[in-house]
There are 2 protein chains.
Amino acid sequence: MATLKYSRQREAIKEFLATRKDHPTADVVYQNIREIYPHISLGTVYRNLTLLSDLGEILRLRLSDGVDHFDADTSLHYHFICKDCGSVIDLEMDSIDHINASAGRNFPGQIDGNVTYFYGTCKDCLLSKPMEIS
Amino acid sequence: MATLKYSRQREAIKEFLATRKDHPTADVVYQNIREIYPHISLGTVYRNLTLLSDLGEILRLRLSDGVDHFDADTSLHYHFICKDCGSVIDLEMDSIDHINASAGRNFPGQIDGNVTYFYGTCKDCLLSKPMEIS
DNA sequence: TATAATAACAGTAATCGTTACTGATTACGA
DNA sequence: TCGTAATCAGTAACGATTACTGTTATTATA
């Protein structure tokens, strides 16, 4: 029953993701893996990204830009999205899971967790922007 | 330049949203408005939902289900998504904007805000589920 | 009030990210 | 080595959303 078989394409996808800290999309993964396996199919990339995230080996990030991003770092951490350049950056910060209790205080259902990301302007975009006259 | 003109379709969409607390999708809005304006186009619904959210009169919620939800309540509040039935419910809780400071502590960019929602099982789904044997 | 300019419309086609299908290939236990 | 089933490449289909086109309705102005 659905024994997982080795696949070099899946390994390549996993290895590629591990080298990246910028949370690439499926298409970016596809474009990069094609340099190693020129005949790989986009469908294979999607299937394996879904499989790996179902297995918990990678994270699927659904941000507000309508495209899924993938992250090889499955430890608890948070993300920042630059609204100027769209880049996704890891944040080093303490857990904010205490907000779950706050959310559950007046709520009759069961709260299991939260999805949180931060947005603003990244360092590079701050520097490249013209000075604001204040 | 681009003076806003009145449209009865847009008014109907706004009024419909104001009567609902369940954050309907564009298609749900479409199906309901059709009872009043049977010839309204889905494109008109999308165009006006986008226009209204650009004007800040409604909120566009991008959750993880791949479909946009819309909310006539533009005041600061948070949402809960039931992972069993998918319903979107308002939470009554204090602001959690203090997490922005926590996120900015070791981050060189500028943090403007956060997107946060909670997930779990709603009251109705808890009740309708078979008892867990513990 | 009549007219002209143009925002908004209905209907439909196109786009885009993603998923499903199909027949060929590959991994791997017996 | 062989059989079976997972995986593949290639491609078609899908669903949400957006863009296009010719028509209609709103509104400023004459």
Side-chain angles (χ1 to χ4, degrees), chain A residues 1-17 22-55 57-71 81 86-88, chain B residues 1-17 22-55 57-71 81 86-88:
Chain A
M1 62 281 278
T3 316
L4 200 65
K5 280 186 183 168
Y6 173 86
S7 117
R8 60 189 67 187
Q9 291 90 340
R10 182 161 60 240
E11 279 311 302
I13 289 169
K14 220 160 72 175
E15 281 171 26
F16 169 71
L17 267 185
D22 63 344
H23 317 80
T25 62
D27 196 63
V28 169
V29 174
Y30 174 57
Q31 298 303 339
N32 279 271
I33 302 294
R34 275 218 292 189
E35 293 176 8
I36 311 166
Y37 297 104
H39 292 289
I40 197 172
S41 163
L42 182 56
T44 298
V45 172
Y46 271 106
R47 182 165 19 81
N48 280 299
L49 287 172
T50 299
L51 177 56
L52 289 170
S53 69
D54 286 350
L55 291 173
E57 300 194 24
I58 64 173
L59 290 182
R60 178 194 293 260
L61 307 180
R62 300 211 128 122
L63 313 172
S64 295
D65 63 354
V67 227
D68 286 359
H69 295 252
F70 297 89
D71 189 348
I81 296 96
S87 65
V88 183
Chain B
M1 63 279 277
T3 315
L4 200 64
K5 280 185 185 171
Y6 173 86
S7 115
R8 60 190 67 187
Q9 291 90 340
R10 181 161 60 238
E11 279 311 301
I13 290 168
K14 219 158 75 175
E15 280 171 26
F16 169 72
L17 268 184
D22 63 344
H23 319 78
T25 62
D27 196 63
V28 170
V29 174
Y30 173 58
Q31 299 301 339
N32 279 273
I33 302 293
R34 276 218 291 189
E35 294 177 8
I36 311 167
Y37 297 105
H39 293 287
I40 197 171
S41 165
L42 182 56
T44 298
V45 172
Y46 271 105
R47 184 163 18 81
N48 280 299
L49 288 171
T50 299
L51 178 56
L52 289 169
S53 69
D54 286 350
L55 291 172
E57 299 193 25
I58 64 173
L59 290 182
R60 178 194 293 259
L61 307 179
R62 299 213 130 123
L63 313 171
S64 295
D65 62 355
V67 223
D68 286 358
H69 295 253
F70 297 89
D71 189 347
I81 295 96
S87 64
V88 184

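Proteins come first, then strands; the chains are lettered A, B, ... in the order of their sequence lines, and each starts at number 1.
For the pair I33(B) CD1 and dA10(C) C1', the computed distance is 15 Å after rounding to whole Å. Atom CG of L55(B) is separated from atom C1' of dA7(C) by 14 Å (rounded to the nearest Å). A straight line from CG of N48(A) to P of dA27(C) spans 14 Å, rounded to a whole angstrom. Taking atom CG on D68(B) and atom C1' on dG17(C), their separation rounds to 14 Å, with Å as the unit. Atom P of nucleotide dC8(D) and atom CD1 of I36(A) are separated by 14 Å, given to the nearest angstrom. Between the CG atom of L49(A) and the C1' atom of dG17(C) there is a distance of 13 Å, rounded to whole Å. Taking atom CG of residue L51(B) and atom C1' of nucleotide dC9(C), one finds them 13 Å apart after rounding to whole Å. Across the protein-nucleic acid pair, R10(A) atom CZ and dA27(C) atom C1' stand 11 Å apart, rounded to whole Å.
By the side-chain hydrogen bond (donor to acceptor under 3.5 Å, both in side chains) test, T44(A) is found to be paired with R47(A), residues two or more places apart in sequence or in another chain being considered. Take K5(A) and apply the side-chain hydrogen bond (donor to acceptor under 3.5 Å, both in side chains) test, not counting sequence neighbours, and it matches no residue. Residues passing the side-chain hydrogen bond (donor to acceptor under 3.5 Å, both in side chains) test with R60(B), sequence neighbours excluded: T50(B), D68(B). Partners of I36(A) under the side chain to side chain contact (heavy atoms under 4.5 Å, CB included) rule, at least two apart in sequence or in another chain, do not exist in this structure. D22(B) meets the salt bridge (charged side-chain N to carboxylate O under 4.0 Å, His left out) test with R20(B); sequence neighbours excluded. E15(B) pairs by the salt bridge (charged side-chain N to carboxylate O under 4.0 Å, His left out) definition with nothing, not counting sequence neighbours. Partners of D71(A) by salt bridge (charged side-chain N to carboxylate O under 4.0 Å, His left out), not counting sequence neighbours: none found. The salt bridge (charged side-chain N to carboxylate O under 4.0 Å, His left out) check on R8(B) picks up nothing, with sequence neighbours excluded.
Contacts classified as salt bridge (charged side-chain N to carboxylate O under 4.0 Å, His left out) and involving residues 24-37 of chain A (residues at least two apart or in different chains) are not found.
Taking five base pairs at each end of the helix from dT1(C)-dA30(D) to dA30(C)-dT1(D) and finding the rotation axis that steps the C1' atoms of four pairs onto the next four gives two axes whose angle is 30°, to the nearest 10°.
Closest to the side chain of V67(A), out of dA10(C), dT18(C), dC8(D), is dT18(C).
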*Tell me, for nucleotides 18-30 of chain D in 5' to 3' order, what letter each nucleotide earns: B for a base near a protein heavy atom under 4.0 Å, S for only sugar-phosphate near one, - for neither?*
B-------BS---
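For the contact set between residues 23-32 of chain B and DNA chain C, defined by any heavy atom under 4.0 Å, there are no members.
For dG11(C), one of the phosphate oxygens OP1 or OP2 lies less than 4.0 angstrom from a side-chain nitrogen or oxygen of H39(B). The side chain of Q9(A) contributes no N or O atom lying less than 4.0 Å from OP1 or OP2 of dT26(C).
Rounded to the nearest 0.5 Å, atoms CG (L49(B)) and CD1 (I58(B)) are 5.0 Å apart.
Between I33(A) and Q9(A) the shortest side-chain heavy-atom distance does not fall below 4.5 Å.
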